[in-house]
A.B. asks: 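Below are the structure tokens for one structure; questions will follow.
No hydrogens, no waters, no symmetry mates; every other heavy atom, side chains included, goes into these values. As the structure is a prediction and not an experimental result, all values here were calculated from the model.
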Amino acid sequence: QVQVVESGGGSVRSGGSLTLTCVASGHIFSINGMGWYRQAPGKQRELVAVITSGGSTNYADSVKGRFTISRDNAKNAVYLQMNSLKPEDTAVYYCNAAIRGAAGQSNWYWGQGTQVTVSS
């Protein structure tokens, strides 16, 4: 059983900062790629940032220079540091991870999402 849980969302004013945390637990052999996605009301879910097992990162153009993704393999965790937040960053943020279980198979797992609200 593998579980992915996000935390750290909240309500902040424009220009503020938040750090999201995603922790995977269960029978995990390894975690490959990890990433953050978000979905605003009335919009499709979009990629925010991803980080590979080798540490390579990729960001959506809209968050480059403001958000930083990182991971701690020892803790099975991935983080998203969000600075200079804008109202357009308001969305439900989801953690996604490619996790290889004890049986050897790898599957994508999604967290339940955490709400980030940025006011003007």
Side-chain angles (χ1 to χ4, degrees):
Q1 296 182 346
V2 175
Q3 184 177 19
V4 177
V5 179
E6 305 101 329
S7 63
S11 181
V12 299
R13 294 182 180 276
S14 180
S17 299
L18 284 173
T19 299
L20 305 183
T21 298
C22 173
V23 179
S25 62
H27 300 289
I28 299 171
F29 178 77
S30 65
I31 300 178
N32 299 316
M34 303 184 78
W36 289 94
Y37 294 74
R38 68 186 182 187
Q39 186 167 22
K43 295 185 177 181
Q44 295 184 345
R45 187 171 299 184
E46 65 175 349
L47 173 69
V48 176
V50 294
I51 184 167
T52 68
S53 60
S56 297
T57 59
N58 192 286
Y59 298 89
D61 289 340
S62 60
V63 306
K64 287 182 179 178
R66 300 187 298 121
F67 291 11
T68 302
I69 187 171
S70 61
R71 63 190 292 171
D72 186 336
N73 292 333
K75 296 181 178 180
N76 291 330
V78 61
Y79 310 93
L80 185 67
Q81 180 182 332
M82 305 184 293
N83 298 324
S84 301
L85 284 163
K86 305 174 181 180
E88 50 264 44
D89 294 318
T90 296
V92 176
Y93 285 70
Y94 298 90
C95 177
N96 178 249
I99 301 174
R100 187 177 300 279
Q105 78 283 4
S106 182
N107 297 105
W108 291 96
Y109 292 87
W110 290 92
Q112 81 287 351
T114 184
Q115 177 70 48
V116 172
T117 302
V118 185
S119 61
S120 300

A.B. asks: Taking all heavy atoms of Met34 and all of Asn76, pick out the closest pair and write down the distance.
C.D. replies: CE-O, 4.4 Å
A.B. asks: Sorted by first residue and then second, give each ring-ring contact (aromatic ring centres under 6.0 Å, His included) pair with at least one member in residues 34-56; sequence neighbours left out.
C.D. replies: Tyr37-Trp110
A.B. asks: Within the side chain of Thr117, is there an N or O that forms a donor-acceptor pair under 3.5 Å with the backbone of Thr90?
C.D. replies: no
A.B. asks: Just so I know, are the side chains of Ile99 and Val4 near enough to count as touching, which here means a heavy-atom distance under 4.5 Å?
C.D. replies: yes
A.B. asks: For residues Val116 and Val48: do they belong to one hydrophobic cluster (side chain heavy atoms under 4.5 Å, members Ile, Leu, Val, Met, Phe, Trp, Tyr)?
C.D. replies: yes
A.B. asks: Between side-chain atoms of residues 13-24 and protein atoms elsewhere (two or more places apart, or another chain), which donor-acceptor pairs fall under 3.5 Å?
C.D. replies:
residue	atom	partner	partner atom	Å
Ser17	OG	Asn83	OD1	3.0

A.B. asks: Quick check on the hydrophobic clustering: are Tyr94 and Val50 connected, directly or via other members, by side-chain heavy-atom contacts under 4.5 Å?
C.D. replies: yes
A.B. asks: For residues Gly113 and Val92, report the shortest heavy-atom separation together with the two atoms involved.
C.D. replies: CA-CG1, 3.9 Å
A.B. asks: Look up atom CG in Asn73 and atom CD1 in Ile28, then write down how far apart they are to the nearest 0.5 Å.
C.D. replies: 11.0 Å
A.B. asks: Return the minimal non-hydrogen interatomic distance between Ile51 and Arg71, and the atom names on each side.
C.D. replies: O-NH1, 3.5 Å
A.B. asks: Would you say Glu6's side chain and Cys95's backbone share a donor-acceptor pair under 3.5 angstrom?
C.D. replies: yes
A.B. asks: Could you tell me which non-hydrogen atom of Arg38 sits nearest to which non-hydrogen atom of Asp89, and how far apart they are?
C.D. replies: NH1-OD1, 3.0 Å
A.B. asks: Is it true that a side-chain atom of Asn96 and a backbone atom of Gly111 form a donor plus acceptor pair closer than 3.5 Å?
C.D. replies: no
A.B. asks: Does Gln44 CD have over 12 foreign heavy atoms under 6.0 Å away?
C.D. replies: no
A.B. asks: Is the backbone of Ile69 close enough, under 3.5 Å, to the side chain of Tyr59 for a donor and an acceptor to pair up by distance?
C.D. replies: yes
A.B. asks: With Gln1, which residues qualify under side chain to side chain contact (heavy atoms under 4.5 Å, CB included), at least two apart?
C.D. replies: none
A.B. asks: Would you call Asp61 and Lys64 a salt bridge, using N to O less than 4.0 angstrom?
C.D. replies: yes
